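Below you'll find the structure, written out as structure tokens, and then a few comments.
Just so you know, residue 1 is the first one in the sequence shown, and it goes up from there. The shown structure was predicted, so the numbers you read here are calculated from the model rather than taken from an experiment.
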Amino acid sequence: MDLIKEIASLTLLSAVLFGGCQSDSLVSVQQERGMSPSKQVTTKPEQETNSKLKLIGSSEDEQVKLYTVKETEDAIERVTIDINGRTKDFDWSISHYSGTEPQLFYADLTGDGKEEAIVIIQIGRGTGLNIYEIHVVNSDNLSEIKVQRYEDIVAEHIESRVSKNDDGTLAITVNSQGQVGNFNYDFDPAPDYHQDELAFGGVVIYTLDNHKIKLSLPGSIGISPTYVCDFNITYTFDKADNEFIVDQIEVKPFKKRLQTFNSTLPFPKRS
């Protein structure tokens, strides 16, 4: 009888231990199948967010806040954006050496009557360099809305030609969205450097104006860039593709070196 009781006790103990292990395994599987915390949109009390993370900046109305998540000696490498108490992490980099704090806004850029969060970050600076990037975040689901890159705008909408006149000045012709312009630049800043079209990317400045994204994108010549004209670009929101794309491009030669400008001259065809 004692032997039968001992066997029964061992059987019961094994069932309990097995059940506990199985329960732990189920919890582990459920955790693995869950969404990564960095991908989730969470709602946290503002005081809790403030107590754990360092505030980088906020919009004027304080509806949008940006916090540090991961930081090195040289830069902030990961941030949390807080829109009215709802938060999400992004891998946006903010250099400690830029000298310019991120700019945060809360405005309706899509025209749907709902505000988006806008963050403009300086990512490069130096002699002849001033480079920013822009991020637009949907305030409902905290997804980032794509903004057409300047490289794609140049490739799809801008053509240019640079050639040398007999007197040593430069003849520059630009074609943006079918609008052609021709002007002379009164000296060659890099006579030993062959350049047959304008260069872009040394200055990339985003601003907001009347609920529109604006981009100042000067064209340059020379290795140490000399900027000869500015391409003022206005974006519009494409609802079908959920993306901000180029709407208008206005070209303005810099007056400091401007000699002539004629918007009716034909644009030379590519050979």
Inset, instruction - Please report the closest heavy-atom contact between E101 and I56, naming both atoms and the distance. - result: OE1-O, 3.9 Å
Legend entry - Sequence-distant partners of D209, side chain to side chain donor-acceptor pair (under 3.5 Å), two or more places apart: K214
Legend entry - Residues in side chain to side chain donor-acceptor pair (under 3.5 Å) contact with E115, at least two apart in sequence or another chain: none
Legend entry - Sequence-distant partners of F237, ring pair (Phe, Tyr, Trp, His ring centres under 6.0 Å), two or more places apart: F244
Legend entry - pair I134-V119: side-chain heavy atoms closer than 4.5 Å: no
Inset, instruction - Check whether any side-chain N or O of T68 sits under 3.5 Å from a backbone N or O of K70 as a donor-acceptor pair, and report yes or no. - result: no
Legend entry - For the student: nearest non-hydrogen atoms of L142 and R86, plus distance: CD1-NH1, 3.3 Å
Inset, instruction - Return yes if some donor-acceptor pair links the side-chain N/O of Q179 with the main-chain N/O of E250 below 3.5 Å, else return no. - result: no
Inset, instruction - Step by step, work out the side chain to side chain donor-acceptor pair (under 3.5 Å) result for D82 and T87. - result: CA-CA 4 Å; D82 181 320; T87 64; over 6 Å; no
Inset, instruction - Would you please name every residue forming a side chain to side chain donor-acceptor pair (under 3.5 Å) with H211, sequence neighbours left out? - result: none
Legend entry - Whether N165 side chain and G168 backbone form a donor-acceptor pair below 3.5 Å: no
Legend entry - Considering all heavy atoms, the nearest K65-L55 contact: CB-CD1, 4.0 Å
Legend entry - Members sharing I245's hydrophobic cluster (side chains within less than 4.5 Å): none
Legend entry - K164 atom NZ, over 12 foreign heavy atoms within 6.0 Å: yes
Inset, instruction - Identify, with sequence neighbours excluded, every residue that meets ring pair (Phe, Tyr, Trp, His ring centres under 6.0 Å) alongside Y235. - result: none
Inset, instruction - Side-chain contact test, heavy atoms from C-beta onward, threshold under 4.5 Å: evaluate it for Y132 versus V204 and give yes or no. - result: no
Inset, instruction - Search all heavy atoms of Y97 against all heavy atoms of E73 and return the closest pair with its distance. - result: OH-O, 4.0 Å
Legend entry - Heavy-atom check, side chain of S220 versus side chain of T226, under 4.5 Å: no
Inset, instruction - Taking all non-hydrogen atoms of both residues into account, name the closest pair between A117 and I83 and its distance. - result: CB-CD1, 3.5 Å
Legend entry - Heavy-atom side-chain contact between L66 and I94 under 4.5 Å: yes
Inset, instruction - Could you tell me whether the side chain of I221 reaches within less than 4.5 Å of the side chain of Y185, counting heavy atoms only? - result: yes
Inset, instruction - Please confirm whether the backbone N or O of L217 pairs with a side-chain atom of D230, one donor and one acceptor, at under 3.5 Å? - result: yes
Inset, instruction - Using the test side-chain contact (heavy atoms from CB on, under 4.5 Å), find all partners of R125 that sit at least two apart in sequence or belong to another chain. - result: Q122
Inset, instruction - Using a strict 4.0 Å threshold on nitrogen-to-oxygen distance, state whether K114 and D108 make a salt bridge. - result: no
Inset, instruction - Without swapping roles, check the side chain of Q195 against the backbone of G222 for a donor-acceptor pair under 3.5 Å. - result: yes
Legend entry - Expected output: side-chain N184 to main-chain D186 donor-acceptor under 3.5 Å: no
Inset, instruction - Could you tell me whether a side-chain N or O of T173 sits under 3.5 Å from a main-chain N or O of S160, the two making a donor and an acceptor? - result: no
Inset, instruction - Name all residues meeting the side-chain contact (heavy atoms from CB on, under 4.5 Å) criterion together with S59; count only those two or more places apart in sequence or in a different chain, and write none if there are none. - result: D61, Q63, V64, L104, Y106
Legend entry - Close side-chain approach of T236 and T234, heavy atoms under 4.5 Å: no
Legend entry - Distance-minimising heavy-atom pair for T72 and E77: CG2-OE2, 3.3 Å
Inset, instruction - Kindly write out the residues that satisfy side-chain contact (heavy atoms from CB on, under 4.5 Å) with D196, not counting sequence neighbours, or none if the list is empty. - result: H194
Inset, instruction - Would you mind reporting whether I81 and V79 have side-chain heavy atoms less than 4.5 Å apart? - result: no
Inset, instruction - For a ring pair (Phe, Tyr, Trp, His ring centres under 6.0 Å) with H135, tell me which candidate from F90, Y206, W92 qualifies. - result: W92
Inset, instruction - For N138 and D140, indicate whether the former's side chain and the latter's backbone hold a donor-acceptor pair under 3.5 Å. - result: yes
Inset, instruction - Check step by step if side-chain contact (heavy atoms from CB on, under 4.5 Å) holds for I158 and V174. - result: CA-CA 7 Å; I158 297 174; V174 297; 5.8 Å; no
Inset, instruction - Could you go through the side-chain contact (heavy atoms from CB on, under 4.5 Å) check for V203 and L129 one step at a time? - result: CA-CA 5 Å; V203 173; L129 302 176; over 6 Å; no
Legend entry - Under 3.5 Å donor-acceptor, R161 side chain and N182 backbone: no
Legend entry - Check: L109 main-chain N/O paired with E116 side-chain donor or acceptor under 3.5 Å: yes
Legend entry - By side chain to side chain donor-acceptor pair (under 3.5 Å) - contacts of S163 (at least two apart): none
Legend entry - Heavy-atom side-chain contact between I249 and N232 under 4.5 Å: no
Legend entry - Test ring pair (Phe, Tyr, Trp, His ring centres under 6.0 Å) applied to F200 - qualifying residues, sequence neighbours left out: F231
Inset, instruction - Would you mind listing the cluster partners of I223? Hydrophobic ones only (ILVMFWY), side-chain contacts under 4.5 Å, chaining allowed. - result: Y193
